[in-house]
Amino acid sequence: MKPEISIITIGVDDLERAFAFYRTLFDISDEQIGAGEDHVAFFFDDKFSFVLFPREQIAQTAGKPESLDGTPGFVLSHRAESPEAVDDILERVLVAGGAVITPGTQSEWGYSAYFEDSEGNVWELMAQPTAN
């Protein structure tokens, strides 16, 4: 895996407050902002996004109770070339001493998986959906 951080997702306690802060700080156009019920994404270019996500949902994504020490406050995301590349990286994670949190899964957003490094930091691996 040649690391390329595509998305940084940080955990927030108050999504509206965090959105207001980063919207003012980043000073980007409305066209560069996407929001859903549970997140806000700032799209800086084709290769990098910054996402606000509720902290308790990050804990759930990481498979940990919110109250557990070491629950991550952020997720690093790497865009892989293909679903096969995601699976290959997961194999390397295990060999290197990390842990797979969720195996590769296909969704409407593409193919993704989550893993934890040897220190408990959470990474998301993703591959865009392939055109049929």
Side-chain angles (χ1 to χ4, degrees):
M1 174 176 151
K2 180 180 176 190
E4 177 181 302
I5 305 301
S6 307
I7 301 170
I8 295 176
T9 301
I10 64 167
V12 298
D13 294 317
D14 184 324
L15 188 60
E16 287 183 35
R17 180 179 64 207
F19 170 64
F21 173 83
Y22 283 105
R23 175 69 176 98
T24 300
L25 180 67
F26 294 151
D27 191 31
I28 62 176
S29 70
D30 290 341
E31 292 78 32
Q32 292 176 270
I33 300 171
E37 203 171 292
D38 63 352
H39 73 283
V40 175
F42 298 90
F43 303 103
F44 292 96
D45 59 33
D46 290 341
K47 294 191 173 206
F48 179 69
S49 302
F50 183 81
V51 178
L52 308 173
F53 199 64
R55 192 179 313 275
E56 67 273 3
Q57 289 183 272
I58 288 180
Q60 290 172 0
T61 298
K64 298 182 184 232
E66 182 181 6
S67 62
L68 181 67
D69 286 342
T71 297
F74 64 93
V75 174
L76 301 170
S77 299
H78 171 76
R79 206 173 269 130
E81 295 176 14
S82 66
E84 295 78 21
V86 168
D87 292 338
D88 290 345
I89 293 167
L90 289 177
E91 288 180 24
R92 293 178 63 188
V93 164
L94 295 173
V95 169
V100 174
I101 299 169
T102 58
T105 305
Q106 187 66 47
S107 74
E108 65 183 291
W109 305 107
Y111 189 81
S112 65
Y114 288 87
F115 74 86
E116 189 173 72
D117 71 10
S118 62
E119 305 306 305
N121 297 299
V122 176
W123 282 77
E124 175 190 25
L125 299 171
M126 64 184 135
Q128 295 300 320
T130 54
N132 292 337

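Just so it is clear, the structure is predicted and the values come from calculations on it, not from any experiment. Excluded from the calculations below are hydrogen atoms, water molecules and symmetry mates; all remaining heavy atoms, backbone and side chain alike, are included.
For the pair Ile10 and Leu52, the minimum side-chain heavy-atom distance is below 4.5 Å. Counting only heavy atoms from C-beta outward, the side chains of Arg79 and Ser77 never approach each other to under 4.5 Å. The side-chain heavy atoms of Val12 and Phe19, taken from C-beta on, include no pair separated by under 4.5 Å. Contact of the His39 side chain with the Thr9 side chain is not registered, since no non-hydrogen atoms from C-beta on lie closer than 4.5 Å.
Between Tyr114 and the choices Val100, Val75, Leu125, the side chain to side chain contact (heavy atoms under 4.5 Å, CB included) rule is met once, by Val75.
Side chain of Arg23 to backbone of Ile28: a donor-acceptor contact under 3.5 angstrom is found. The backbone N or O of Gly110 sits nowhere less than 3.5 Å from a side-chain atom of Gln128 that would complete a donor-acceptor pair.
Classification of the Phe50-Phe42 ring pair by plane angle, with boundaries at 30° and 60°, yields tilted.
Hydrophobic cluster membership is shared by Leu90 and Leu94, with clusters built from Ile, Leu, Val, Met, Phe, Trp and Tyr side chains linked at under 4.5 angstrom. Both Phe74 and Leu25 sit in one connected hydrophobic cluster of ILVMFWY residues. Membership requires side-chain heavy atoms under 4.5 Å apart, directly or through other members. Under the 4.5 Å side-chain heavy-atom criterion for grouping Ile, Leu, Val, Met, Phe, Trp and Tyr, Met126 is not connected to Ile89 through any hydrophobic cluster. Put simply, Ile33 and Leu15 are part of the same group of oily side chains (I, L, V, M, F, W, Y) that touch within less than 4.5 Å, one to the next. Put simply, Val51 and Ile8 are part of two different groups of oily side chains (I, L, V, M, F, W, Y) that touch within less than 4.5 Å, one to the next.
Of all heavy-atom pairs spanning Trp123 and Ile5, the tightest one is CH2-CD1, 3.4 Å. Considering all non-hydrogen atoms of both residues, Ala80 and Ala85 come closest at CB-CB, 4.0 Å. Heavy-atom minimum distance, Gly34 versus Phe43: N-CE1, 3.6 Å. The minimum heavy-atom distance between Ala99 and Val93, with the atom names listed, is N-CG1, 3.8 Å. Nearest heavy-atom pair across Arg55 and Asp13 is NE-OD1, 3.1 Å. Among all heavy-atom pairs drawn from Pro103 and Ala113, the shortest one is C-CB, 3.8 Å.
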Legend entry - Verdict with supporting geometry, Val122 and Leu76, side chain to side chain contact (heavy atoms under 4.5 Å, CB included): CA-CA 7 Å; Val122 176; Leu76 301 170; over 6 Å; no

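Annotation: the span from Ile7 atom CD1 to Glu124 atom CD amounts to 6.0 Å, rounded to 0.5 Å. From Ser6, atom OG reaches atom NZ of Lys47 across 8.5 Å, with rounding to the nearest 0.5 Å.
Sorted pairs that involve residues 91-102 and meet side-chain hydrogen bond (donor to acceptor under 3.5 Å, both in side chains), not counting sequence neighbours, are lacking altogether.
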